[in-house]
Amino acid sequence: MSLAPTPRATLAAALFACTLAFAGSPLRAAPVTAVHELAQQEKGPLLGTLRDLVSIESGSQDVEGLAQIAALIRDRLAQLGGKAEIMEPAEVFRMDDTPPKTGAMVHAEFKGTGTRKIMLIAHMDTVYLRGMLKDQPFRVDGDRAYGLGISDDKQGVALIIHTVALLQKLKFKDYGTLTVLINGDEEISSPGARATITRLGSEQDAVFSFEGGGEDGGLRLATSGIGAAYLSVEGKASHAGAAPEKGVNALYELSHQLLQLKDLSQPERGLKLNWTVSQAGTNRNVIPARATAQADARALKVADFEQLEATLQQRVQNKLLPDSKVQVKFEVRRPPLEATAASRSLAAHGAVVYQELGLPLKVYEAATGGGTDAAFAALKTKAAVIEGFGLSGYGAHSNDAEYVQIGSIVPRLYLSARMIMDLSQNKMK
């Protein structure tokens, strides 16, 4: 799922964004030569990996394609010395649109000589359908590399692989455990991977998520939570002309419920509930026996979703038609990621690292885009969880304009490697 904000969201987020480093500062340190040179050497191979990944169609429900790309990623990580495996979900959180089989995960561990535990996450599934690749293959045009899923999130997978490769070439093993987790169901709210991401996240000292960095390459400490509400009404059918009084009009009850549930948004705190889909009835001359509606929900705090669900359950008890049956189900499709002191401190160090390259790095504390798996990683940990380590780019979920900026490869490899190294060696500034 893309983190790239809309122009309006970008403007609003800028009010909260903190530019923690400035290009051209006379006090900035020079890049660490060995890391920077290897990052430059990895640029070409990373583009090759991107081509290989984009050339495999891996939509969230494309079981064959997901198996193929998972095998490729596992083999690449194993070749780098990791204990790599393909993991099937231990449990699946079933939602309204969860398919019978969800994509597996690629899990790899690299053991070091230190104590710090660091996890790198990305996803290999896309929103595209099988057959679209033939019309839009991987291509390079100037400073842009195009392809289906290249920004969201195959660039993240490639960056992780080549960050690990860079560290291996440096013979750097001062971490305790470097964990890589690539899942295949992010675009459908990670029903199979969420439990594993949360469990592994709780064991880490830091989690870096490699969703794209947007057009400005900023890091993000917060993302929106995504929820859904499903309202169903059971009534009783009858002839609309001859005996309407013998029926229980589910449409009337649904209308009553929607009117009393329409004011639950609290925009000032980022809580939103909007009813977007409804269905009722089968024939013009039949009192409808069933009616349903769906709502989209957004929140910036985990507790707000809990409060919203409780309010929904309470209000639906007030019925217009006593003989109707009303039920509401609420799904937390993805919790919000909230900024913490730990993530602020680690991101500030990232800005110092980027400054070594003469580049500014914005750090956004206010949610500006869609929810991501970073939120699952943060659910049960006090460690820093940071989103947006991926390449700069644009056009996620767009079947004719998705690209990454090739010029961001070296800086992002440098940033990722240096953050792992400095955290492992306790060199945070």
Side-chain angles (χ1 to χ4, degrees), residues 42 45-92 99 101-112 117-126 128 130 133 138 147-150 152-169 173 175 177-188 190-201 203-204 207-211 373 376-377 389-390 413 416-417 420:
E42 286 296 315
L46 188 148
L47 275 172
T49 297
L50 261 183
R51 180 196 62 240
D52 295 342
L53 294 171
V54 170
S55 297
I56 299 174
E57 295 185 287
S58 56
S60 299
Q61 298 191 45
D62 186 340
V63 176
E64 179 183 346
L66 287 170
Q68 183 181 354
I69 197 170
L72 184 151
I73 296 167
R74 177 202 58 198
D75 293 347
R76 296 287 179 92
L77 292 169
Q79 290 167 9
L80 293 171
K83 182 182 178 182
E85 61 179 339
I86 294 177
M87 295 175 56
E88 295 293 336
E91 56 184 286
V92 177
K101 181 174 176 56
T102 63
M105 296 160 278
V106 178
H107 172 255
E109 283 191 354
F110 298 82
K111 295 293 186 180
K117 296 181 178 180
I118 303 168
M119 184 163 75
L120 315 178
I121 63 175
H123 66 92
M124 56 189 161
D125 63 315
T126 75
Y128 302 110
R130 178 169 283 272
L133 176 65
F138 174 85
L148 297 176
I150 194 168
D152 188 16
D153 184 34
K154 293 185 177 183
Q155 57 76 27
V157 177
L159 263 173
I160 288 175
I161 291 172
H162 289 273
T163 295
V164 173
L166 192 159
L167 294 173
Q168 297 288 55
K169 291 177 181 179
K173 292 189 176 182
Y175 47 79
T177 304
L178 185 62
T179 299
V180 174
L181 188 69
I182 312 294
N183 64 308
D185 59 354
E186 193 272 349
E187 297 292 0
I188 52 173
S190 307
R194 60 175 61 192
T196 300
I197 296 171
T198 299
R199 175 178 61 81
L200 291 176
E203 302 169 358
Q204 309 301 316
V207 178
F208 300 150
S209 182
F210 284 74
E211 290 279 1
D373 282 334
F376 290 124
F389 270 86
L413 281 170
S416 302
I420 294 169

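Residue numbers count from 1 along this sequence.
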Ion pair check, Glu109 and Lys111, cut-off under 4.0 Å: yes
CE-CD1 distance between Met119 and Ile160, expressed to the nearest 0.5 angstrom: 10.0 Å
Check: Ser58/Lys154 side-chain N/O donor and acceptor closer than 3.5 Å: yes
Val164 and Phe110: CA distance, side-chain angles, deciding distance, side chain to side chain contact (heavy atoms under 4.5 Å, CB included) verdict: CA-CA 9 Å; Val164 173; Phe110 298 82; 3.6 Å; yes
Donor-acceptor contact below 3.5 Å, side chain Arg194 vs main chain Ser190: yes
Verdict with supporting geometry, Glu88 and Lys101, side chain to side chain contact (heavy atoms under 4.5 Å, CB included): CA-CA 10 Å; Glu88 295 293 336; Lys101 181 174 176 56; 3.4 Å; yes
Leu50 CG to Ser55 OG distance, which is reported to the nearest 0.5 Å: 10.0 Å
Nearest non-hydrogen partners of Pro89 and Gly103, listed with the distance: CG-O, 4.0 Å
Heavy-atom side-chain proximity of Glu64 to Arg130 below 4.5 angstrom: yes
Side chain to side chain, Met105 and Leu181, heavy atoms closer than 4.5 Å: yes
Qualifying residue, where the test is side-chain contact (heavy atoms from CB on, under 4.5 Å) with Val106 and the options are Val180, Ile73, Asn183: Ile73
Minimum-distance pair of heavy atoms, taken over all atoms of Ile188 and Asp125: N-OD2, 4.4 Å
Arg74 side chain near Gln79 side chain, heavy-atom distance below 4.5 Å: no
Close side-chain approach of Thr179 to Leu120, heavy-atom, < 4.5 Å: no
For the student: nearest non-hydrogen atoms of Ala377 and Val207, plus distance: CB-CG1, 4.0 Å
Leu178 CG to Leu167 CG distance, which is reported to the nearest 0.5 Å: 7.0 Å
Side chain proximity check, Phe208 to Ile121, heavy atoms < 4.5 angstrom: no
Nearest-0.5 Å distance that lies between atom CD in Gln168 and atom CG in Leu80: 6.0 Å
Reported CZ-to-OG1 distance for the pair Arg76 and Thr49, which is rounded to 0.5 angstrom: 4.5 Å
Flag, side chain of Glu57 to backbone of Leu148, donor-acceptor distance under 3.5 Å: no
Nearest non-hydrogen partners of Ala417 and Leu166, listed with the distance: CB-CD2, 3.9 Å
Greater than 12 external heavy atoms within 6.0 Å of Lys83's NZ: no
Backbone N/O of Thr102 and side chain of Asp185: donor-acceptor pair under 3.5 Å: no
Test item: Ser60 side-chain N/O and Thr126 main-chain N/O as donor-acceptor pair under 3.5 Å: yes
N/O donor-acceptor pair under 3.5 Å between Thr198 side chain and Phe376 backbone: yes
4.5 Å side-chain heavy-atom contact, Glu211 and Asp373: no
Beyond-backbone contact of Asp152 with His123, side-chain heavy atoms, under 4.5 angstrom: yes
Gap separating the CD1 atom of Ile420 from the OH atom of Tyr175, nearest 0.5 angstrom: 8.5 Å
Heavy-atom pair of closest approach, residues Phe389 and Ser416: CD2-OG, 3.9 Å
Nearest heavy atoms of Met124 and Ala104, plus distance in Å: CE-O, 3.2 Å
Side chain proximity check, Glu85 to Met87, heavy atoms < 4.5 angstrom: yes
